[in-house]
Amino acid sequence: MTLLSVRDLTVKFATRNEPVTALHGISFDIAQGERVGVVGESGAGKSITGFALMNLLSKPGFIDSGQILFEGQDVTQMSDRAVRKLRGNRMAMIFQDPMVTLNPVLTIGQQMIETLRAHRRLSYDEARQIALVKLKGVYIPSPEERLDQYPHELSGGMRQRIVIAIALLLDPQLIIADEPTTALDVTIQADIMELLLELCRSNMVGLMLITHDLGVVSQVTERTLVMYAGRIIESGKTRAIINDPQHPYTQGLINALPQQTPPGTRLRQIPGSMPTLSMMPSGCPFNPRCELATDLCRANMPDITQFGEVQVACHEVQRLQADLNTAEAAQ
Amino acid sequence: MSETQSDSPLLRIENLEKRFDVDSGFLESLRFRGGRIRRETRAVHAVNNISFDVNRGEAVCVVGESGCGKSTVARMVANLLTPSGGEIHYDGQRIDTLHGKALMPIRSKIQMVFQNPYASLNPRMTIGQSLEEPTKFHNPTLSNGDIRDKITGVMKSVGIDPAWTARYPHELSGGQRQRIAIARALTVDPEFIVADEPISALDVSIQAQVLNLMLQMQEDHGITYLFITHDLSVVEHFGTKVAVLYLGSICEVADTRTLFAAPKHPYTKALLSAVPQLKDDSPNHIRLKGEIPTPIDLPDGCPFQTRCPMANARCRAEKPAAFQQPDGAIVACHAVEEGRSEPGVTLQEAV
Ligand SMILES: Nc1ncnc2c1ncn2[C@@H]1O[C@H](COP(=O)(O)OP(=O)(O)OP(=O)(O)O)[C@@H](O)[C@H]1O
Ligand SMILES: Nc1ncnc2c1ncn2[C@@H]1O[C@H](COP(=O)(O)OP(=O)(O)O)[C@@H](O)[C@H]1O
Ligand code: SF4
Ligand code: SF4
Ligand SMILES: [Mg+2]
Ligand SMILES: [Mg+2]
């Protein structure tokens with residue numbers, strides 16, 4: 001069943017001149033309990049997507065058009081109050097910096113109990129009991145003591161675990177995690193990712209995992225969206241995208257990883273860098289960096305089409321598909 | 001000093017130590033203990049008794065988790081920080097005790113590149129000015145024309161259009177800035193580059209551009225690297241040798257291939273198993289329990305004992321010394337030394 005359905009979502013930022021477009025009409029779905037990865041380099045629009053879904057876009061940014069259907073209701077049309085109720089309750093967000101979520105002057109227990117009692121009719125003791133269960137769920141050692149500690153008394157990994165416990169407090173249907181382990185060390189990252197994976201699996205919670213780390217996406221998610229310059233340029237099963245990417249940018253991203261070339265040899269770099277919002281090239285946004293770019297690419301933005309197991313926005317992929325079709329028809 | 005033997009290491013680090021005092025004021029340092037007020041200053045033990053060599057042409061990578069002392073080692077080697085103990089030798093000469101004029105030739109031989117491509121260039125200077133400054137300083141005899149030629153040369157070698165000398169750092173992308181930072185290090189013809197997480201703040205496609213540049217400099221100019229990173233895939237690609245640090249101490253030093261093929265220290269094993277693999281969707285890393293001690297209150301014995309699945313009584317009492325394995329790896333671990341392969345207790349504990 002579809003949990004979240006995003007249709008033609010366009011987000012813009014007001015500037016002194018014309019508004020600039022950060023998301024160009026993106027569409028995607030997340031099914032109940034499905035784990036979806038969103039990858040791309042910095043500035044691709046990953047975080048903006050997450051913020052828009054939670055209706056957390058802040059000032060110069062605004063949703064220009066499109067729909068965000070969560071459990072059938074359009075978040076973009078809801079009252080502030082209704083959205084606030086949805087947030088935390090049905091959807092929760094985890095950020096790179098746990099201190100965005102944690103209040104430094106409240107103990108862990110106070111924050112958890114307050115959150116619970118703001119959304120549910122619970123006695124203090126009942127709320128404390130639930131908080132304890134959730135802390136145990138994220139394998140916090142000596143959870144009773146932690147309830148009385150302040151965030152600064154805990155390590156970064158421990159804080160991020162607590163943020164996950166808070167995100168899970170009200171049994172949400174969807175968790176949006178924006179680079180939740182980027183600030184952490186690999187051994188801690190591995191623990192946290194495993195924990196998120198396990199919790200989403202066992203509670204059938206949908207996960208939108210925003211990251212630039214293809215290894216993490218490969219281990220945690222079932223489906224992947226690849227973003228570039230405010231568009232989803234390729235999407236499909238994570239395995240298909242990692243093993244057989246079709247879009248030249250996705251291919252470039254995977255090929256550029258050090259593990260893709262023998263030690264000591266040159267890496268396959270992508271020339272240039274991502275365009276800024278105010279200097280978007282016409283046509284396909286990747287064309288200044290793409291080896292395959294043609295005049296068509298410089299003139300028109302390609303549509304998204306199916307190719308094998310994945311959906312891709314690329315003129316050359318479409319041409320390849322057309323050639324394959326002709327060859328098949330000729331046989 | 002001038003008789004440089006090619007087989008002796010270019011850089012030799014011996015028993016290097018660094019402590020930072022954390023209580024700076026007099027009152028802060030007062031403690032009430034044993035019924036009396038005493039003055040005690042607490043110190044961060046950032047680097048504890050580290051030794052390793054870097055041979056000419058090598059790229060030695062230092063890895064480990066945040067706060068383990070990687071940058072502190074780098075800054076001591078680049079002479080930006082004075083060690084609390086131990087010695088640093090460069091090309092047969094002890095350099096950690098040099099001051100003022102005596103330091104000058106070393107400063108041009110060893111250059112440092114920092115993590116943050118935004119902070120490493122002065123925002124108010126054009127790219128040309130940023131490159132001119134060290135070139136003039138280290139080559140006072142060069143004419144203005146020669147300096148310009150030199151700058152044009154290094155800019156070309158890092159793949160930046162020499163016409164960009166008039167631009168300011170904010171007009172460049174992160175990757176371009178980092179290439180300029182590397183160009184800046186190259187203007188003085190260094191032999192040795194200490195690079196502290198030079199690509200960590202960059203995107204994957206840009207990381208590849210900068211790493212390729214560093215590989216090319218190694219081939220073209222025979223530059224030797226001390227490369228600080230926390231990214232093990234970069235280590236495997238770029239490093240010839242790896243030093244694994246944990247809480248300021250060496251766990252393991254080995255050739256890159258040896259380390260990745262046969263990691264020995266329990267921490268190295270956990271670290272390697274935690275790297276998410278691209279082609280494998282079954283995470284199966286070694287789970288570490290326990291907390292990381294602070295470098296202020298280091299436990300007696302092995303610094304990894306609180307998280308080590310193999311820790312026993314000896315580990316809690318006695319700090320393991322580094323010793324060499326048959327395959328050349330240097331490992332500091334009692335379990336490895338004793339040939340213990342299973343988590344368990346020693347005889348004494350069992351009794
Ligand atoms: N000037 C200082 N005063 C006090 N403590 C310091 C100082 N500089 C570093 N430290 C401490 O020394 C230890 C090692 O720091 P260092 O910067 O070398 O770590 P690192 O391995 O480079 O970490 P990262 O991966 O986060 O860059 C840390 O505990 C740090 O907090
Ligand atoms: N307040 C803002 N004003 C103008 N542009 C912004 C603002 N916040 C973000 N952007 C731009 O929106 C684009 C997408 O940003 P973001 O979603 O944060 O990228 P990602 O998370 O993929 O790194 C970037 O080009 C960024 O510079
Ligand atoms: S549409 Fe053209 S420029 Fe864009 S990725 Fe495809 S081939 Fe390259
Ligand atoms: S010395 Fe003991 S605690 Fe330290 S790594 Fe070896 S087995 Fe673990
Ligand atoms: Mg972001
Ligand atoms: Mg550092």
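Chain A is the first sequence line, chain B the second, and so forth, proteins listed ahead of strands; every chain is numbered from 1.
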What I'd like to find out is whether the side chain of A:T187 reaches to under 4.5 Å of the side chain of B:H285, using heavy atoms alone. no
Name the region of A:N255, side chain, backbone, both or neither, that has any atom closer than 4.5 Å to a heavy atom of chain B. neither
Any heavy-atom pair between the side chains of B:P276 and A:M193 that's under 4.5 Å? no
When the 4.5 angstrom heavy-atom criterion is applied to A:T261 and chain B, the contacting part is both
If you count heavy atoms of other groups shown closer than 6.0 angstrom to CZ of B:F260, is the number above 12? yes
Chi angles and distances behind the side-chain hydrogen bond (donor to acceptor under 3.5 Å, both in side chains) call for B:S66, A:D185: CA-CA 7 Å; B:S66 185; A:D185 289 313; 5.0 Å; no
Considering non-hydrogen atoms only, spot the tightest contact between B:V204 and A:L257 and give its length. CG1-CD2, 3.7 Å
Looking only at heavy atoms, the pair that brings A:A256 and B:A208 closest together is O-CB, 3.9 Å
Got a sec: does the CD of A:E309 have more than 12 other heavy atoms crowding it under 6.0 Å? no
I'd like to know if the side chain of B:Q209 reaches the main chain of A:G272, judged simply by a donor and an acceptor atom lying under 3.5 Å from each other, with no hydrogens or angles considered. yes
B:I206 and A:E41: which non-hydrogen atoms are nearest, and at how many Å? N-OE2, 4.4 Å
Below 4.5 Å, heavy-atom pairs only: which of A:I188, A:D191, A:L214 has the largest tally toward chain B? A:D191
Is it the case that over 12 heavy atoms from other parts of the model lie below 6.0 angstrom from the CD atom of A:E144? no
What is the distance from atom CD of A:Q259 to atom NE2 of B:H237, rounded to the nearest 0.5 Å? 10.0 Å
Check whether any side-chain heavy atom of A:M274 sits under 4.5 Å from a side-chain heavy atom of B:D203, and report yes or no. no
Any chance you could measure B:L213, atom CG, to A:L267, atom CG, to the nearest 0.5 Å? 12.0 Å
Answer yes or no: are there more than 12 heavy-atom neighbours, outside A:E145 itself, under 6.0 Å from its atom CD? no
With a 4.5 angstrom heavy-atom cut-off, could you sort out which part of B:R257 is near chain A: side chain, backbone, both or neither? neither
Which bit of A:T238 comes within less than 4.5 Å of chain B, counting heavy atoms only: side chain, backbone, both or neither? neither
Region of B:L211 in contact with chain A, defined by heavy-atom distances below 4.5 Å: side chain
Euclidean distance, A:H212 NE2 relative to B:S205 OG, rounded to 0.5 Å: 12.0 Å
Counting heavy-atom pairs under 4.5 Å to chain B, which of A:V217, A:I254, A:I270, A:D213 comes out on top? A:I270
Has B:N212 got a side-chain atom pairing as donor or acceptor with A:R266's backbone, closer than 3.5 angstrom? no
Heavy-atom pair of closest approach, residues B:V234 and A:P258: CG2-CG, 4.1 Å
I'd like to verify something: which residue of B:Q176, B:E219, B:Q207, B:Q218 has the highest number of heavy-atom pairs under 4.5 Å with chain A? B:E219
